[in-house]
Participant: 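Pasting a structure here, questions to come.
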Amino acid sequence: MRWRRSRSLDAALGAWTAPPERMRKAKDLFAEWNAILDTHQKPADMPVPSYAQVIGVLNKAARPEDTLIGAAGGTPGEITKNWRVKNPNTFDCEFGFSCMGYEIAAGWGCAMAQEGPGAAGGIPIVMVGDGTYMMMNSDIYSAALTGHKMIVVVCDNGGYAVINRLQQFKGVPGFNNLLTDCRIKDRNNPLHVDFAKHAEAMGAKARHCEDLMDLEAALEWARGEDGPVVLSIASDAWAWVPGDADWDVGVPEISQYEAVREARKAHDAIRARQRVGV
Ligand SMILES: Cc1ncc(C[n+]2csc(CCOP(=O)(O)OP(=O)(O)O)c2C)c(N)n1
Ligand SMILES: [Mg+2]
């Protein structure tokens, strides 16, 4: 076990335990939440899988010593909800800044850290969106150069899906986030990047996965390979697991659009419920 308990906290707590009814309630709520996750993660008859389903497959394939890494796009929210942690210190979600570009560099760093004394020796599994991959992917090459192993899973949902969701939630029709909403040559058939080929060109082993079963098989294959492995899969830009916090992003007070004015009212209601310092 790599985690360190706080000895002073242990000493201060002594033999104290939470009241049994509170423990029971927590366990019941946890079981309820896990049942919700099961319904979202189980394969469904949809053209492309959701983040929840992809994460479900990754979670099943992960060994207790492997580390799941994510940071930006739909990933942080979805992994925070969907990832069932198997061991302390095996979940690295950079949700503070949610900085696009953290993911692959972090995977490389995590692989290095796993070589250190006392490290659990697991594999970094990096989840990254198509938009984020486009912003920062060069440490795939670095990992290939230095011979560090990680598995990068690229979820291609055709653009900035989570910002599209935010934009629409704030009363604005989809614009410039999903490729199909952009001013491009052919909105009906936008140019998609072949992420597997791109990663291969930087020295990674790579495979595009057609579906969840293919992803499952690819993960098994990836485990046996050396250096960075990149797996790409098309994913849904609209399916999210419920249970988010409110998103405190400002909305104009004055707008010609009714939907924006309504979003402003909702925003004010969110602000009114905020508690300073909590
Ligand atoms: C460095 C940086 N720039 C901009 C943002 C704002 N931002 C958050 S998510 C996102 C889009 C991410 O797209 P993608 O990686 O494809 O994930 P998806 O939203 O499709 O899940 C943007 C632009 C950010 N978080 N970090
Ligand atoms: Mg995307």
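Order of appearance sets the numbers: ligands from 1, and atoms from 1 within every ligand. The figures here come from the full heavy-atom set of this structure, side chains too, leaving out hydrogens, waters and symmetry mates.
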Participant: Listing residue and atom name, which protein N/O/S atoms are closer to the Mg ion (ligand 2) than 2.8 Å?
Facilitator: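 As for protein N, O or S atoms lying under 2.8 Å from the Mg ion (ligand 2), they are Asp130 OD1, Asn157 OD1, Gly159 O.
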
Participant: Is the number of heavy atoms from other residues, nucleotides or ligands within 6.0 Å of CG (Asp226) greater than 12?
Facilitator: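 At most 12 heavy atoms, drawn from other residues, nucleotides or ligands, come within 6.0 Å of this atom.
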
Participant: How many angstroms lie between CD1 in Ile125 and CG in Asp92, if you round to the nearest 0.5 Å?
Facilitator: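 Atom-to-atom, Ile125:CD1 and Asp92:CG are 12.5 Å apart.
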
Participant: Do the side chains of Lys149 and Glu225 get close enough for a salt bridge, i.e. N-O under 4.0 angstrom?
Facilitator: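 Between Glu225 and Lys149 there is no salt bridge, as every charged N stays at least 4.0 Å from the carboxylate O atoms.
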
Participant: Would you mind checking if Asp214 and Arg207 are paired as a salt bridge, meaning a charged N to carboxylate O distance below 4.0 Å?
Facilitator: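 A salt bridge is present here (some side-chain N lies under 4.0 Å from a carboxylate O).
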
Participant: Do Val229 and Ile233 sit in one hydrophobic cluster, given that two such residues count as connected whenever their side-chain heavy atoms are within less than 4.5 Å of each other, even indirectly?
Facilitator: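 Looking at the clustering, Ile233 is in the same group as Val229.
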
Participant: Considering only residues two or more places apart or on different chains, which pairs with a residue in residues 197-229 satisfy ring-ring contact (aromatic ring centres under 6.0 Å, His included)?
Facilitator: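 Checked against ring-ring contact (aromatic ring centres under 6.0 Å, His included) - neighbours excluded - the pairs reaching residues 197-229 are Tyr133-His198.
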
Participant: Below 4.0 Å from any atom of ligand 1, which residues have a heavy atom? Give them in chain and number order, please.
Facilitator: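 These residues qualify: Tyr51, Gly73, Gly74, Ser98, Cys99, Met100, Gly129, Asp130, Gly131, Thr132, Met135, Asn157, Gly159, Tyr160, Ala161, Val162, Ile163.
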
Participant: Quick one: closest heavy-atom pair of Ala52 and Val241, and the distance?
Facilitator: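 Ala52 and Val241 have their closest heavy atoms at CB-CG2, 3.6 Å.
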
Participant: A cation-pi test, strictly: NZ or CZ of Arg165 under 6.0 Å from the centre of the six-membered ring of Trp240 and no more than 45 degrees from its axis. Yes or no?
Facilitator: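 That pair qualifies as a cation-pi contact.
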
Participant: Considering only residues two or more places apart or on different chains, which pairs with a residue in residues 14-34 satisfy side-chain hydrogen bond (donor to acceptor under 3.5 Å, both in side chains)?
Facilitator: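 Counting only pairs at least two positions apart or across chains, the side-chain hydrogen bond (donor to acceptor under 3.5 Å, both in side chains) contacts touching residues 14-34 are Asn34-Arg84.
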
